[in-house]
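Below is one structure, written out as structure tokens; the observations come after it.
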Protein chains: 4
Amino acid sequence: MTIKKRAISEYQKLHRKQVILETAFNLFIHNEYQDISMDLVAKKAKLAKGTLYLYFKSKEELFFSLKIMEYHHWFDEIEKKIKNLSKRPASKQERIKKFSNFITKSFEQRKNLIRLIIIVHHTLEKNINEELVLNLNQQIGNRLLQLGAQLENLFSFLNPSDGARLVFYIKTIALGMYQVSEPVAVIREMANKNKKELNIMMLDFKKEVQKMIEILLNGWS
Amino acid sequence: MTIKKRAISEYQKLHRKQVILETAFNLFIHNEYQDISMDLVAKKAKLAKGTLYLYFKSKEELFFSLKIMEYHHWFDEIEKKIKNLSKRPASKQERIKKFSNFITKSFEQRKNLIRLIIIVHHTLEKNINEELVLNLNQQIGNRLLQLGAQLENLFSFLNPSDGARLVFYIKTIALGMYQVSEPVAVIREMANKNKKELNIMMLDFKKEVQKMIEILLNGWS
Amino acid sequence: MTIKKRAISEYQKLHRKQVILETAFNLFIHNEYQDISMDLVAKKAKLAKGTLYLYFKSKEELFFSLKIMEYHHWFDEIEKKIKNLSKRPASKQERIKKFSNFITKSFEQRKNLIRLIIIVHHTLEKNINEELVLNLNQQIGNRLLQLGAQLENLFSFLNPSDGARLVFYIKTIALGMYQVSEPVAVIREMANKNKKELNIMMLDFKKEVQKMIEILLNGWS
Amino acid sequence: MTIKKRAISEYQKLHRKQVILETAFNLFIHNEYQDISMDLVAKKAKLAKGTLYLYFKSKEELFFSLKIMEYHHWFDEIEKKIKNLSKRPASKQERIKKFSNFITKSFEQRKNLIRLIIIVHHTLEKNINEELVLNLNQQIGNRLLQLGAQLENLFSFLNPSDGARLVFYIKTIALGMYQVSEPVAVIREMANKNKKELNIMMLDFKKEVQKMIEILLNGWS
DNA sequence: CATGAATGAGCTTTCATTCAT
DNA sequence: AATGAATGAAAGCTCATTCAT
């Protein structure tokens, strides 16, 4: 029994929490949620199982926190891009094009965030600290409103409070299209063998998300 | 040991299969997927556990079949409505309004189908007969193409092959919005206590789906 | 439900029993005992599961009967050979050599009988009709005594009642050596990769059985 | 939920493993292998089922380890006896007599080891860690070679490498005779009621093993 | 704080046997 | 006699969580 150096200061504790979350995320990238045991997370993080429970009250809480973390990363990225876009003058059509393009790209690169959101939506029900959920969702909610405001700024055709709704619609498109376009392994394999019959079922995530967002923005204006 | 009346003829067997599926669906309405054990399904259907496995090779196959069944019900309903709509002459705007209205209603009443689609998307990977998946998905795919054709008929602004894409987009909206708007139990409870802070997170499924579909159709035309 | 032609006469019934036994034996050759379900036997024999139970009261009884059948085949073969050997005059050493040679060969070709005897020895305890066991074992016992008498005839150094004992000893050697020399799959695989370390554990069944029988006969005389 | 005292040190863990093995062995003495569930072992050892799986990866591994343990006990006993025998000068005949006598006794008292060897021979195929098998069988193999060397020392008529073979032959005799002489319960009961008919099938394990070993040694020299 | 041994409910699936048809 | 749908006990194993050390 070698005991890992204790995290005493708040800063150290926060750091350890980060390490656990990153370890979990790395595992999540390559594995199904149900195949990731707390044991595995602990081993990969080179911590004892019990230690995980010092930082997260349950497996659900861990993955919920992970979702929040990834959400923040996504917001960070998107906000920066929007700022850049706002600076340069451009026509509505140009803006729509550019915006739909980079937001789609961001989803393409963050399918694991999408997976996380979907998974957590199922799994959250149990064993989770209400206050934490409230607290962290509040954070996300706020950034979301902020993002909405930025969009209203970017697209002059948006009325007040339309921005937030647009954000929700975009999220809807991302989550929905992920499940519509991302076939499960069984079907993917079959599609490889059996091309014709299934290819109506096979949509290209990136292309379709972008298209939907463009139509949506055009329909809105 | 009282043995349930044997299902001998093909018709009886099909009927028993139906009974099992309906039992499972009733359980699914009121419970989380992971809380529905095969034991429970068997008990509710007043059958022995082994009997379930006579009709379905695995739990996954049972719920996959359930999804297909519910899908068919949904198609049946929608196709009828579209036929009615097609008969009567109407303006584009009217048609969009009516269509988005009844399709949204159909989703509102079939949230369990949406849940099923989402769940099966995760769970399908394992213990399932490839051929069955291929076969049944083929059925769904065909009805979906059919539905696409009907939509092209209904909306003159749709080009050939746009119909199927529209169907996919609508599915995207339904799946996505379900997860965006349907808060998990924990949040629902908190929202009741704690109205203000959370209500930005609370979207009305029905209203938003309809709105999105309308915007989409308007953007398309 | 296509009903197989009924076996009404005693002869027909016996024949159907034979068919079942032969089917079971074919399965036994290529599979582990525990992997052979009654369902499988029924399917291969193109009979219904229930029909098996008309002819054999239990799975154990079926395999017990199979053992007896195979025993008889072995006795048939051996007795013929011994008769041939008895006819021709030969020295004691010659006879020992020839006898040990063909009896070893017979085991080599009937490893499945050996497996059966071993399996049945474990499995017999349950679900078996005592009278049947008594009856069929009696048959085997009688043939065994007969074989013993023939051996006493063949080898002049054997005293009365030594023959039967010799038969038992030979059976002992066959059963024992099978388990000593026949490595389980795991070990077999390892032996292939890892030649040196394991080859002390690897005996050649045929060679060693013959050697043991020869030493035994030499020691006896 | 009362948690059993934790086994922290390596020594304690080894001890707990021993306790589990001994519990399993006690159950094995009085029950058929297939009637010994992991649940039962856990209950008797007053541990939780999961705890067993902390120490043994599968039921097969547990019983394989048990076999190895019992093997070691047997070797310990036999080696001591052989050393004693080697010290005292004696004629070949005397040595054969004494050796066959005590080795037979050792088997008589370790029929459960014989049963274990037979059972494990069937059961080993599945769910077992190859390296463990390799490793532990290596141990047994080495002791066996050692025993062979001691026998060559004891019996001057043995040529180099004959010792190991002799050990294998003796093992053959023990395993084989166990199955030839040890009737299963059904037959044992019948034999009690029905003395005459069956007694040809009833050999005395001890007497016959000894006899065979003596004949074998005499034949060898 | 950190550890990791211990817990035990819980789950899916199999399959010999029965018996209504 | 033949069928095969129905039965249900049984069993191995996992894994989130706890808590003594």
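Convention: sequence-line order gives letters A, B, ...; per-chain numbering from 1.
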Can you identify which nucleotide, out of dT13(E), dA5(E), dG4(F), has its nearest atom closest to the A7(D) side chain?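 Among the listed nucleotides, the one closest to the side chain of A7(D) is dA5(E).
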
With the side chain of Y53(C) defined as its heavy atoms from C-beta on, choose the nearest nucleotide among dT17(E), dA5(E), dT17(F).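 Taking heavy atoms from C-beta onward, the closest nucleotide is dT17(E).
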
Calculate the interatomic distance between [X] atom [atom1] and [N] atom [atom2]; express it in whole Å.
{"X": "F63(D)", "N": "dG12(F)", "atom1": "CZ", "atom2": "C1'", "answer": "13 Å"}
{"X": "L54(C)", "N": "dT18(E)", "atom1": "CG", "atom2": "P", "answer": "12 Å"}
{"X": "M38(B)", "N": "dT14(E)", "atom1": "CE", "atom2": "P", "answer": "11 Å"}
{"X": "L40(B)", "N": "dG10(E)", "atom1": "CG", "atom2": "C1'", "answer": "13 Å"}
{"X": "L62(A)", "N": "dC15(F)", "atom1": "CG", "atom2": "C1'", "answer": "15 Å"}
{"X": "D39(A)", "N": "dG4(E)", "atom1": "CG", "atom2": "P", "answer": "11 Å"}
{"X": "E61(D)", "N": "dG12(F)", "atom1": "CD", "atom2": "C1'", "answer": "14 Å"}
{"X": "Y55(C)", "N": "dA16(E)", "atom1": "OH", "atom2": "C1'", "answer": "20 Å"}

Pick the nucleotide of DNA chain E nearest each of K46(D) and S37(B); which residue has the one closer to the 5' end?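 Nearest nucleotide further toward 5': that of K46(D).
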
Can you work out whether L47(D) or K57(C) has the more 5'-proximal nearest nucleotide on DNA chain E?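 Nearest nucleotide further toward 5': that of L47(D).
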
Paired with dT7(F): which nucleotide, if any, by Watson-Crick or G-U wobble criteria at under 3.5 Å for both distances?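 With both distances under 3.5 Å, dT7(F) matches dA16(E).
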
For dT21(F), give its Watson-Crick or G-U wobble partner with both distances under 3.5 Å, or none.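 Across all strands, the one nucleotide that pairs with dT21(F) is dA2(E).
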
What distance do H30(D) atom NE2 and I36(D) atom CD1 have between them, rounded to the nearest 0.5 Å?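 So the gap between those two atoms works out to 10.0 Å.
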
Would you give the length of the straight line joining atom CG of L136(D) to atom CE of M69(D), rounded to the nearest 0.5 angstrom?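 Between L136(D) CG and M69(D) CE, I get 12.5 Å after rounding to 0.5 Å.
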
Within 45 degrees of the ring normal and closer than 6.0 Å to the centroid, is that where the cationic atom of R115(B) sits relative to F28(B)?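 Geometry flag: set, cation within 6.0 Å and 45°.
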
Ring of F56(C), cation from K17(C) - is the NZ or CZ under 6.0 Å from the centre and inside 45° of the axis?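 Output yes; distance and angle both within limits.
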
Are K13(B) and dA5(F) close enough that a side-chain N or O sits under 4.0 Å from OP1 or OP2?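 Answer is yes, contact under 4.0 Å.
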
Can a side chain N or O of T51(B) be found less than 4.0 Å away from OP1 or OP2 on dA5(F)?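 No.
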
Do the side chain of N135(C) and the main chain of E131(C) share a donor and acceptor less than 3.5 angstrom apart?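 Answer holds: no.
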
With no angle test and no hydrogens, is the base of dT17(F) tied to the side chain of K49(A) by a donor-acceptor pair under 3.5 Å?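 Such a pair exists between side chain and base.
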
5' priority, DNA chain F, between K59(A) and R16(B) [closest heavy atom]: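 So the residue in question is R16(B).
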
